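Have a look at the structure below before the remarks.
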Amino acid sequence: DDSAGVTPTFERKSWVIGIKIGDKAKAYDWADLIHQLVINDTFENTKIVIVLEEDTFSYHVWNARVGHNNLSFRLDTTNYKLYDMSTGSEWNMSGRCISGELQDQQLRTILAHQEYWFSWKTFHPNTLRWHAN
C-alpha cells in the first residue's frame with residue numbers, strides 16, 4: 001500500500017485506475033481488477049469499492065459508506081450482482097441496492113481515471129499503489 005519499490009504489475013504502460021481524494025492520489029492496476037473483479041479498499045478514511053463490469057472494460061468506483069455502514073462487497077459471477085458482506089443486500093451495477101436491508105440506498109460515485117501508469121505517475125508523483133494481498 002505504499003509507493004516504495006517497483007512491482008511487476010506497475011509497468012510503464014500498465015493501465016491503472018487512478019483516484020484522488022483531497023490532495024492524495026492512489027492507483028489500482030487494471031490487471032489486478034481483471035483478476036479480482038472487485039477491489040475493496042480504504043483510502044484517506046474513505047471506504048471504496050472498485051468493480052469490473054461483465055463486459056470486462058467498464059468499471060465503477062464508489063464510496064462504500066452507506067449511513068453508518070462501511071461496506072465490503074463480493075461479486076456473484078453467476079448473476080453478476082454485488083452483495084455487501086455486512087447485510088447480504090443485493091446491489092446492481094448502477095450502485096443501487098435492489099434488495100435486502102439496504103434496499104433503495106445508492107452508492108456515491110468517486111471520480112476515477114483510467115490511464116497508463118507512467119501518465120498517472122507523472123501528474124501524481126506521490127501516488128500510492130494498491131497491491132493485491
Side-chain angles (χ1 to χ4, degrees):
D1 242 356
D2 65 318
S3 57
V6 175
T7 63
T9 57
F10 282 89
E11 295 175 4
R12 179 172 161 73
K13 287 196 173 181
S14 293
W15 275 114
V16 298
I17 296 171
I19 65 170
K20 275 187 70 178
I21 296 178
D23 61 350
K24 304 287 186 199
K26 194 164 189 180
Y28 300 81
D29 193 291
W30 186 255
D32 288 332
L33 183 59
I34 292 284
H35 178 72
Q36 305 236 346
L37 304 177
V38 174
I39 294 174
N40 292 287
D41 192 24
T42 301
F43 176 53
E44 288 299 295
N45 297 315
T46 302
K47 183 73 174 162
I48 65 167
V49 60
I50 304 172
V51 181
L52 184 67
E53 282 266 13
E54 192 170 14
D55 64 16
T56 70
F57 60 82
S58 304
Y59 67 95
H60 305 280
V61 181
W62 289 303
N63 183 323
R65 183 173 177 89
V66 175
H68 297 293
N69 300 309
N70 281 317
L71 303 175
S72 291
F73 290 86
R74 67 175 179 80
L75 182 67
D76 183 338
T77 56
T78 59
N79 63 6
Y80 232 81
K81 294 283 169 60
L82 286 169
Y83 295 89
D84 73 71
M85 294 185 271
S86 298
T87 71
S89 296
E90 181 181 355
W91 301 74
N92 65 22
M93 287 296 156
S94 297
R96 178 163 290 287
C97 184
I98 55 176
S99 69
E101 185 179 320
L102 299 175
Q103 186 165 351
D104 296 327
Q105 294 293 312
Q106 178 69 48
L107 298 173
R108 289 172 292 150
T109 299
I110 292 177
L111 184 61
H113 307 277
Q114 185 181 31
E115 57 187 274
Y116 287 119
W117 168 238
F118 75 87
S119 175
W120 181 258
K121 181 79 171 155
T122 297
F123 291 100
H124 305 91
N126 296 319
T127 194
L128 298 175
R129 292 182 284 188
W130 183 86
H131 298 285
N133 294 336

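Treat the numbers as computed from the prediction; the structure is a model and nothing was measured. Numbers for residues simply follow the sequence, beginning at 1. Only heavy atoms go into these numbers, but all of them, side chains included; no hydrogens, no water, no symmetry mates.
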(message) To the closest 0.5 Å, what do you measure between CD1 (Ile17) and CH2 (Trp130)?
(response) 10.5 Å
(request) For the pair Met93 and Leu82, evaluate side-chain contact (heavy atoms from CB on, under 4.5 Å) and give the outcome as yes or no after the intermediate values. (result) CA-CA 8 Å; Met93 287 296 156; Leu82 286 169; 4.1 Å; yes
(message) Could you tell me if the side chain of Phe73 sits less than 4.5 Å from the side chain of Val51, heavy atoms only?
(response) no
(request) Give the minimum heavy-atom separation between Ala64 and Leu107, together with the two atoms involved. (result) CA-CD2, 4.2 Å
(message) Contact between Tyr80 and Leu75 at the side-chain level, heavy atoms closer than 4.5 Å - yes or no?
(response) yes
(message) I need the Trp120 CH2 to His113 NE2 distance, nearest 0.5 Å.
(response) 5.5 Å
(message) To the closest 0.5 Å, what do you measure between CD (Gln105) and CG (Asn69)?
(response) 9.0 Å
(request) For Asn79 and Tyr83, work out which heavy atoms get closest and say how close. (result) ND2-OH, 3.1 Å
(request) Would you indicate whether Asn45, at its atom CG, is surrounded by more than 12 heavy atoms from other residues, nucleotides or ligands within a distance under 6.0 Å? (result) no
(message) Is there a side-chain contact (heavy atoms from CB on, under 4.5 Å) between Gln114 and Val16? Walk through the geometry before answering.
(response) CA-CA 6 Å; Gln114 185 181 31; Val16 298; over 6 Å; no
(message) Nearest 0.5 angstrom please: Ile21 CD1 to Asn63 CG, how far?
(response) 7.5 Å
(message) Tell me the closest heavy-atom pair linking Glu115 and Ser119, and the distance in Å.
(response) OE1-OG, 2.7 Å
(message) If you compare all heavy atoms of Trp117 against all heavy atoms of Ala27, which two are closest, and at what distance to 0.1 Å?
(response) CZ3-CB, 3.6 Å
(request) State, with a plain yes or no, whether a side-chain heavy atom of Asn70 is found less than 4.5 Å away from one of Thr42. (result) no
(request) Answer yes or no: is there a donor N or O on one side and an acceptor on the other, between the side chain of Glu53 and the main chain of His60, under 3.5 Å? (result) no
(request) I would like to know whether Tyr28 and Phe43 meet side-chain contact (heavy atoms from CB on, under 4.5 Å); could you show each step before the answer? (result) CA-CA 12 Å; Tyr28 300 81; Phe43 176 53; 4.2 Å; yes
(request) Output yes when a side-chain donor or acceptor of Lys20 lies under 3.5 Å from a complementary backbone atom of Lys24, and no otherwise. (result) no
(request) Can you see which heavy atom on Arg129 is nearest to which on His131, and at what distance? (result) O-CD2, 3.4 Å
(request) Drop me the distance from Leu102's CG to Ser89's OG, to the nearest 0.5 angstrom. (result) 4.0 Å
(message) With a 4.5 Å cut-off on side-chain heavy atoms, are Trp30 and Leu52 touching?
(response) yes
(message) Assess the residue pair Asp76 and Thr78 against the criterion (side chain to side chain donor-acceptor pair (under 3.5 Å)); give the C-alpha distance rounded to whole Å, side-chain angles, the decisive distance to 0.1 Å, and a yes or no.
(response) CA-CA 6 Å; Asp76 183 338; Thr78 59; 2.4 Å; yes
(message) Give me the atom names and distance for the closest heavy-atom approach of Cys97 to Trp91.
(response) N-CE3, 3.3 Å
(message) Exactly one of Val61, Ile48, Leu33 should register a side-chain contact (heavy atoms from CB on, under 4.5 Å) with Ile39. Which one does?
(response) Leu33
(message) Tell me whether Phe118 at atom CZ has more than 12 heavy atoms from other residues, nucleotides or ligands lying less than 6.0 Å away.
(response) yes
(message) Is it true that Lys47 and Ser72 share a donor-acceptor pair across their side chains at a distance under 3.5 Å?
(response) yes
(request) Could you tell me the separation between the OG atom of Ser86 and the CG atom of Leu71, rounded to the nearest 0.5 Å? (result) 5.0 Å
(request) May I ask you to test the Lys121-Thr127 pair for a side-chain heavy-atom distance under 4.5 Å? (result) yes
(request) Please confirm whether Tyr116 and Trp15 have ring centers closer than 6.0 angstrom. (result) yes
